[in-house]
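Let me begin by presenting the structure, written as structure tokens, before commenting on it.
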Amino acid sequence: MTIAANLGYPRIGPRRELKTALEAFWAGRITEAELHAAAAGIRAGARARQQGLGISHVPSGDFALYDHVLETACALAAIPEGYGWSGEGPASLATLFALARGARGSEAERAAGIPRGAVALEMTKWFDTNYHYLVPRLSARMRFRLLENRWAAAFREGAGQGARTRPVLLGPVSFLLLSKREDGGHPLELLPALLPAYAEALRALAEDGVAWVQMDEPCLVTDLPAGAADAYARAYRALAEAAPGLGVMLATYFGGLGDALALACALPVAGLHLDLARAPEQLGPVLDALPRDRWLSLGLVDGRNVWRADLRRALALLRQAAGAGFARRLMVAPSCSLLHVPHSLAPEDGLDPTLRRRLAFADEKLREVALLARAADEGEEAIAAALAESDAVLAEARADARLHDPAVAARLAAVTPEMERRRSPYPARAERQAARLRLPPLPVTSIGSFPQTAEVRALRARLARGELDEAGYEAEIRRLTAEAVRWQEEIGVDMLVHGEFERNDMVKYFAERLAGFAFTRHGWVQSYGSRCVAPPIIWADVSRPAPMTVRWSSYAQSLTQRPMKGMLTGPVTMLQWSFARTDIPRETICRQIALAIRDEVQELEAAGIPAIQIDEPAFREGLPLRRAERPDYLRWAVACFRLAAAGVRDETQIHTHMCYSEFNDIIEHIAAMDADVISIETARSDMELLRAFQDFDYPNAIGPGVWDIHSPRVPSAEEMAALLRRAAGRLPAGRLWANPDCGLKTRGWEEVRPAMANLVAAARRLRAELGPESVADGRGRPEA
Ligand code: GLN
Ligand code: ZN
């Protein structure tokens with residue numbers, strides 16, 4: 001019998017129940033027991049829905065309170081010192097959340113012995129998704145062992161409620177490759193020490209009567225570092241010996257196996273899962289290489305997008321595998337965990353009905369999985385109606401004239417290379433900008449947003465409910481903007497921002513003002529911890545019917561003599577943080593958005609806005625996982641940014657912002673974007689990221705984030721001054737800016753007010769230390 005399987009289900013809950021519970025717990029409104037009860041309720045609901053949809057391998061252990069990588073590390077005793085863990089027994093919730101969010105001096109932290117200054121682990125993108133995981137910090141001193149078998153607990157929880165689930169573990173090699181060593185050395189060196197902990201977990205699962213476990217090894221689809229192939233062979237040999245009766249489904253996803261295909265096919269596991277949405281071409285070679293005693297799990301339904309599957313095409317792949325001798329050892333599954341798509345289309349009654357028919361969220365995708373498994377066993381006729389519907393909807397989509405706007409095509413065709421180039425090179429621009437802006441050395445700015453307080457959200461809710469009219473809403477937002485401008489002047493910020501009070505979300509705000517986008521009501525996807533986003537859906541050609549931000553920026557600028565920075569979201573990020581259509585290349589979609597943003601940039605300039613920030617926080621996550629595919633992406637992504645930015649005069653300063661990026665391998669391309677100023681994340685990695693900018697000799701100005709805003713801790717002036725001092729030791733002080741790591745919308749004013757004031761104080765201290773001559777030059781090259 002073909003098995004309908006799932007690799008992972010959204011964790012946040014159909015109504016974001018996990019977010020609600022976490023935030024209530026952090027605020028002290030619910031107890032630990034209540035948090036666990038809420039989480040158990042979400043898991044029970046998830047199991048019931050998956051079973052109801054016809055999935056027989058329902059995953060367990062895929063849930064996490066904050067992040068599955070962090071929970072894996074904690075379960076395996078990979079817990080760094082300084083977070084209150086005694087060295088024995090499971091990590092407390094206080095330790096878990098201190099690792100995730102940094103300490104903020106709460107009662108629970110004091111009780112758990114967590115020092116006030118404990119900073120959160122580094123957070124980074126999970127492969128090329130918008131999910132963020134916490135990077136485990138490992139060292140050879142750690143004694144890895146199973147502190148708590150979270151997978152057995154998850155299995156038992158399901159079994160107790162009548163669901164025999166398939167526990168999901170992050171495999172040992174990917175776990176190590178996703179970690180960092182705090183004592184130098186390569187994480188893979190720790191494999192021998194780590195394996196016994198995994199072996200113990202698997203043995204216990206086998207004893208519990210678990211038939212299958214899923215071992216996620218997504219690193220198998222990336223370019224493997226030296227030693228990884230041996231590590232895989234060694235790890236899976238050891239695990240097979242540890243729990244011989246246990247069926248290990250080795251799950252690979254986010255791409256094709258490429259060079260690792262022979263390796264993966266030879267590992268002593270019971271089954272192999274393939275991502276056939278991203279890499280359908282790997283099926284043939286795998287069918288040639290995979291021993292016939294293995295199970296083959298076909299990831300036929302795209303777990304990374306919201307479009308309905310082409311059932312007929314999926315069936316063809318399924319038949320190909322069945323015909324090659326795997327007919328009795330087949331599983332059908334989504335390509336990857338469904339963590340990356342919203343729960344269900346069911347509550348989405350606001351969508352255009354023709355568009356809605358083309359969509360499939362997690363639950364609808366699982367229905368497709370079950371249909372395909374059924375067709376594999378009972379033949380096409382068994383799902384004839386579903387197949388006919390799939391064909392009809394796809395045909396309708398292909399014929400939909402609304403997808404194509406001839407005016408957009410004409411504009412794209414008319415783009416010239418000059419449109420992607422600023423008039424003068426950076427040094428000349430910097431001089432003109434310095435003369436116009438007259439900023440002090442180490443100018444203080446922020447990344448754009450200020451706290452989206454309950455007050456701001458209530459205004460938007462009242463507007464949506466019709467209790468407040470457009471004019472009343474605007475008046476209130478203007479008041480908040482004016483207050484923010486006044487406050488920034490008072491504390492001495494040098495380049496101001498308007499605060500983005502009018503925006504709900506940096507992508508959605510623009511998407512709502514552009515043609516070609518559609519929106520869900522409940523389409524939430526976890527970004528990190530309790531943070532979710534509801535990505536818009538790009539379903540047609542993108543264009544800008546009218547200015548989007550000019551009124552707000554002009555208003556804010558009218559309130560102050562100091563320079564106001566306009567604030568836009570860049571084309572790459574707009575694309576990356578949306579669910580995009582698949583009928584045209586991503587490059588084309590991105591260029592369409594770039595032209596729309598370009599118009600906005602030029603209009604801001606015309607309105608007298610002297611600096612414009614084009615945020616590209618998603619620039620790096622768009623990078624293909626395989627090195628060989630990167631140059632092409634970087635070519636068009638850089639070109640799209642430049643197309644958006646380069647329509648302005650030299651005097652207009654273009655900023656960009658990126659967060660949580662590792663820059664080392666793409667620094668030249670970041671430089672090629674040619675923004676006058678870039679603000680980046682660095683606080684959490686202790687300025688480590690600056691090394692890229694130093695080694696490469698980054699030519700333009702940089703604002704290294706000196707305040708980790710993803711943590712609720714308020715950094716002191718000394719702390720930020722120390723970071724700025726380190727930055728000034730590595731980079732020309734004349735091209736340095738002082739700013740937080742990211743926007744401040746998730747923080748409260750009680751944090752933002754003191755922290756920004758501390759930042760101003762830190763910048764002033766550094767200015768005094770460095771003296772005027774090291775920094776006064778607008779181009780910022782220190783004579784040395
Ligand atoms: N300008 C945005 C803000 O401040 C940038 C957010 C981001 O980088 N994610 O909110
Ligand atoms: Zn950011």
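When a residue number appears, it is its place in the shown sequence, counting from 1. In listed order, ligands and their atoms are each counted from 1. These numbers come from the heavy atoms of this one structure, side chains and all, not from hydrogens, waters or symmetry mates.
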(request) Can you run down the ring pair (Phe, Tyr, Trp, His ring centres under 6.0 Å) pairs that involve residues 545-576, sequence neighbours left out, and say none if there aren't any? (result) none
(message) Using a strict threshold of under 4.0 Å (side-chain N to carboxylate O), is an ion pair present between Glu474 and Arg479?
(response) no
(message) Looking at Gly703, is its backbone amide N or carbonyl O close enough to the side chain of Asn739 to form a donor-acceptor pair, meaning the two atoms are under 3.5 Å apart?
(response) yes
(message) Strictly distance-based, threshold 3.5 Å: is any side-chain N or O of Asp708 a donor or acceptor partner for the main-chain N or O of His710?
(response) yes
(message) So if I only count non-hydrogen atoms and take anything under 4.0 Å from ligand 1, which residues does that give, chain by chain?
(response) Ile447, Gly448, Ser449, Glu500, Met506, Met567, Asp615, Pro617, His657, Cys659, Cys742, Gly743
(message) Closer than 2.8 Å to the Zn ion (ligand 2), what protein N/O/S atoms do you find?
(response) His657 NE2, Cys659 SG, Cys742 SG
(request) Output all residues satisfying side chain to side chain donor-acceptor pair (under 3.5 Å) with His68, sequence neighbours left out; order by chain, then residue number. (result) Arg11
(request) To the nearest 0.5 Å, tell me how far Gln576 CD sits from Asp128 CG. (result) 7.0 Å
(message) With rounding to the nearest 0.5 angstrom, report the CD1 to CD distance, Ile709 to Glu681.
(response) 10.0 Å
(request) Using modelled atom types only, decide if a donor and an acceptor are shared between the side chain of Arg460 and the backbone of Arg503 within a distance under 3.5 Å. (result) yes
(request) Measure from the side-chain N and O atoms of Arg642 to the backbone N and O of Glu420, and report whether any donor-acceptor pair falls under 3.5 Å. (result) yes
